[in-house]
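We count residues from 1, following the sequence as given.
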Amino acid sequence: MPISTIPGRYFGAKGGLKTQKNQAMSYLMKQAALHNGTEAYWDFPKILLTRGDLLGLPSLTGVADTNQTVTVNWTNNSGQGNADATDTVLAVAYEETSGLIWSAEAIATRDTETVTLPLPAYWSGLAVHVWIAVVAADGKKYATSQYLNTITLD
């Protein structure tokens, strides 16, 4: 799926003067796009793919595992604020050299506390940027995406 479909559905408020996709682009250009006088580049930790009021995942970690997978863990915070056990996990990985993106929606639920991201075999040995977000089961609420870090795949 094209990456633009994610912020197009899960970024900011629906309605108003700007579409959700335009809200995302505005944020990215103001907060995450940098310029060193010669070229533009991204400040990856500042990139948000989703932005909303749903409670995110606490104690979020991600580590490379075997066969180009990333294991992501978090603490189940269901019942706190607006967090529900059935909220689904959305994951995005970006490999900078190729410019390719891998994404998966509803790959786990908040209460599972872990998910393994099966990334492409041809990314073996490469570093990827990984983001995780949570979306309510009905798709009406979503959390602000969380950047895990750059993870080098086995």
Side-chain angles (χ1 to χ4, degrees), residues 1-12 20-21 23-25 27-34 40-154:
M1 104 176 74
I3 191 67
S4 63
T5 62
I6 293 172
R9 288 180 294 160
Y10 305 126
F11 200 99
Q20 289 176 282
K21 196 182 298 185
Q23 291 173 59
M25 183 58 71
Y27 169 84
L28 288 172
M29 298 310 293
K30 290 177 185 174
Q31 302 297 323
L34 301 177
Y41 60 97
W42 293 112
D43 184 353
F44 287 98
K46 289 187 178 179
I47 292 174
L48 297 181
L49 300 175
T50 64
R51 188 176 195 178
D53 296 328
L54 186 62
L55 191 61
L57 299 171
S59 308
L60 189 64
T61 61
V63 295
D65 213 337
T66 59
N67 299 319
Q68 301 78 49
T69 61
V70 172
T71 300
V72 180
N73 295 294
W74 61 87
T75 302
N76 179 10
N77 58 346
S78 300
Q80 296 177 9
N82 58 1
D84 191 76
T86 60
D87 295 338
T88 63
V89 175
L90 177 152
V92 174
Y94 171 68
E95 196 285 304
E96 200 169 350
T97 304
S98 66
L100 296 176
I101 294 169
W102 174 94
S103 65
E105 292 190 53
I107 196 167
T109 54
R110 185 184 296 271
D111 63 349
T112 62
E113 297 187 328
T114 191
V115 67
T116 299
L117 312 181
L119 300 178
Y122 53 84
W123 284 0
S124 178
L126 300 175
V128 296
H129 300 275
V130 179
W131 292 264
I132 300 292
V134 186
V135 177
D138 65 6
K140 293 181 180 177
K141 293 183 285 184
Y142 31 89
T144 298
S145 60
Q146 297 168 263
Y147 179 72
L148 280 177
N149 210 334
T150 304
I151 300 170
T152 302
L153 301 177
D154 291 338

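- For the atom pair CD1 of Ile101 and CH2 of Trp131, the computed distance is 8.0 Å after rounding to the nearest 0.5 Å.
- Using a distance-only test at 3.5 Å, with no hydrogens or angles considered, no donor-acceptor pair links the side chain of Ser145 to the main chain of Ile132.
- Taken to the nearest 0.5 Å, the CD1 atom of Ile151 stands 8.0 Å off from the CG atom of Leu117.
- One distance of note links CG of Asn76 with OG1 of Thr114; it measures 12.5 Å at 0.5 Å rounding.
- Heavy-atom minimum distance, Tyr142 versus Phe11: CE1-N, 3.8 Å.
- Proximity of a side-chain donor or acceptor of Gln68 to a complementary backbone N or O of Asp154 within less than 3.5 Å is detected.
- Side-chain atoms of Arg110 and Asp84, non-hydrogen and from C-beta on, never get closer than 4.5 Å to each other.
- For the pair Glu105/Tyr10, a side-chain contact is recorded, criterion being any heavy-atom separation below 4.5 Å from C-beta on.
- Side-chain contact between Leu100 and Tyr122 is present, with at least one heavy-atom pair separated by less than 4.5 Å.
- The closest side-chain heavy-atom distance from Leu28 to Ile47 is below 4.5 Å.
- With contacts defined as side-chain heavy-atom distances shorter than 4.5 Å, the pair Trp74/Thr112 qualifies.
- Checked options Val72, Ile107, Val135; the residue passing with Val89 is Ile107 (criterion: side-chain contact (heavy atoms from CB on, under 4.5 Å)).
- Screening residues 44-62 for side chain to side chain donor-acceptor pair (under 3.5 Å), with sequence neighbours left out, gives Ser59-Thr75.
- For the pair Leu126/Leu153, no side-chain contact is recorded, criterion being any heavy-atom separation below 4.5 Å from C-beta on.
- Going from atom OG of Ser78 over to atom CG of Leu55 covers 9.5 Å, rounded to the nearest 0.5 Å.
- Under a 3.5 Å cut-off, the side chain of Gln146 and the backbone N or O of Leu57 do form a donor-acceptor pair.
- We find the CD-CG distance between Glu95 and Leu119 to be 10.5 Å, quoted to the nearest 0.5 Å.
- The two residues Ala143 and Ala133 have their closest heavy-atom pair at O-CB, 4.4 Å.
- Of all heavy-atom pairs between Ala127 and Thr150, the closest is CB-CG2, 3.4 Å.
- With sequence neighbours excluded, the residues satisfying side chain to side chain contact (heavy atoms under 4.5 Å, CB included) with Thr69 are Asp65, Thr116.
- Judged purely by atom type and a 3.5 angstrom limit, Gln20 uses its side chain to pair as donor or acceptor with the backbone of Arg9.
- In terms of heavy atoms, Thr152 sits closest to Ala64 at O-CB, 3.1 Å.
- Under the 30°/60° scheme for interplanar angles, the aromatic rings of His129 and Phe44 are found to lie parallel.
- Pairing each heavy atom of Pro118 with each of Trp102, the nearest pair is O-NE1, 3.5 Å.
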